[in-house]
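Shown next, in structure tokens, is the structure this report addresses.
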Amino acid sequence: QVQLVESGGGLVQAGASLRLSCAASGFTFSRYGMGWFRQAPGKEREFVAAISWRGGSTYYADSVKGRFTISRDNAKNMVYLQMNSLKPEDSAVYYCAKGTQISPATVVGAYDYWGQGTQVTVSS
């Protein structure tokens with residue numbers, strides 16, 4: 001069965017960096033776009049970043065553009081989110097998601113499997 005397992009979250013100060021990882025299994029990883037979303041308490045899940053099946057195309061939310069970088073390693077079935085210059089408003093549970101097509105997508109409905117999430121907390 002499809003499994004997505006996130007890791008790398010934690011508590012950091014504003015301005016710090018974190019690298020999130022997502023280990024995928026149970027499907028042909030290299031055939032699908034992947035995405036990262038986040039959800040803060042009391043808010044809807046929101047798009048953060050997405051990457052195409054081969055990594056040649058990426059999308060970012062305006063709020064993270066220039067600070068976050070999504071990447072993937074198809075040989076290892078891994079997708080990553082490098083987060084730099086973290087801000088308190090980046091605090092949320094971060095979810096890895098499997099897309100339903102090769103292209104990156106920005107909407108929740110374009111993803112069919114989700115990880116359980118990893119908490120990121122940024123203190124001011």
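By convention here, the first residue in the shown sequence is residue 1. None of these values were measured; they are calculated from a predicted model.
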Query raised in the report: Taking atom OG of Ser25 and atom CD of Gln3, what is their separation to the nearest 0.5 Å?
Result: 4.5 Å
Report summary line: Rounded to the nearest 0.5 angstrom, the SG-NZ distance for Cys22 and Lys98 is 12.0 Å
Report summary line: Output for pair (Met34 CE, Asn77 CG), nearest 0.5 Å, gives 9.0 Å
Query raised in the report: What is the distance from atom OG of Ser123 to atom CG of Leu11, rounded to the nearest 0.5 Å?
Result: 5.5 Å
Query raised in the report: In terms of ring plane angle, is the pair Phe37 and Tyr111 parallel, tilted or perpendicular, where the classes change at 30° and 60°?
Result: perpendicular
Query raised in the report: Between Tyr60 and Phe47, which heavy-atom pair has the shortest distance, and what is it?
Result: C-CE2, 3.7 Å
Query raised in the report: Closest heavy-atom contact between Arg38 and Ala92?
Result: CB-CB, 3.8 Å
Query raised in the report: If you look at every heavy atom in Gly115 and Tyr95, which pair is closest and at what distance?
Result: O-CD2, 3.4 Å
Report summary line: Residues Arg72 and Gly33: closest non-hydrogen pair is NH1-CA, 3.9 Å
Report task. Before giving the answer on side chain to side chain contact (heavy atoms under 4.5 Å, CB included), spell out for Leu81 and Thr69 the whole-Å C-alpha distance, their side-chain angles and the decisive distance to 0.1 Å. Result -> CA-CA 6 Å; Leu81 186 68; Thr69 302; over 6 Å; no
Query - Single-linkage hydrophobic cluster Tyr32~Tyr113, side-chain heavy atoms < 4.5 angstrom - result: yes
Query raised in the report: Under a single-linkage definition using a 4.5 Å side-chain heavy-atom cutoff for Ile, Leu, Val, Met, Phe, Trp and Tyr, are Ile70 and Phe68 assigned to the same hydrophobic cluster?
Result: yes
Query - Side chains of Ser124 and Pro88 in contact at under 4.5 Å (non-hydrogen atoms) - result: yes
Query raised in the report: Trp36 and Cys96: side chain to side chain contact (heavy atoms under 4.5 Å, CB included), yes or no, with the steps?
Result: CA-CA 5 Å; Trp36 285 97; Cys96 172; 4.0 Å; yes
Requested in this report: Apply the test side chain to side chain contact (heavy atoms under 4.5 Å, CB included) to residues Gln39 and Glu46: give CA-CA distance (whole Å), side-chain angles for both, the deciding distance (0.1 Å), then the verdict.
Outcome: CA-CA 6 Å; Gln39 189 166 17; Glu46 66 172 0; over 6 Å; no
Query raised in the report: Can Tyr80 and Leu20 be said to form a side chain to side chain contact (heavy atoms under 4.5 Å, CB included), step by step?
Result: CA-CA 6 Å; Tyr80 306 98; Leu20 305 184; over 6 Å; no
Report task. Determine the sole option in Gln82, Lys87, Met83 for which the side chain to side chain contact (heavy atoms under 4.5 Å, CB included) test with Arg67 is passed. Result -> Lys87
Report summary line: In terms of heavy-atom contacts, Phe27 and Leu4 come closest through CE2-CD2, 4.1 Å
Query raised in the report: Is there a donor-acceptor pair closer than 3.5 Å between any side-chain N or O of Ser52 and the backbone N or O of Ser103?
Result: no
Query - Path from Val2 to Val79 over hydrophobic side-chain contacts below 4.5 Å - result: yes
Query raised in the report: Where do Val93 and Gln119 come nearest, in terms of heavy atoms and distance?
Result: CG2-OE1, 3.2 Å
Query raised in the report: For atom NZ of Lys43, is the number of surrounding heavy atoms from other residues, nucleotides or ligands below 6.0 Å larger than 12?
Result: no
Query - Thr28 and Ser30, any side-chain heavy atoms less than 4.5 Å apart - result: yes
Query - Qualifying residue for side chain to side chain contact (heavy atoms under 4.5 Å, CB included) with Leu18, from Val122, Asp90, Asn84, Leu86 - result: Leu86
Query - Residues, nucleotides or ligands: over 12 heavy atoms within 6.0 Å of Gln116 CD - result: no
Requested in this report: Consider only side-chain N and O atoms of Asp112 and Thr100, and report whether a donor and an acceptor are under 3.5 Å apart.
Outcome: no
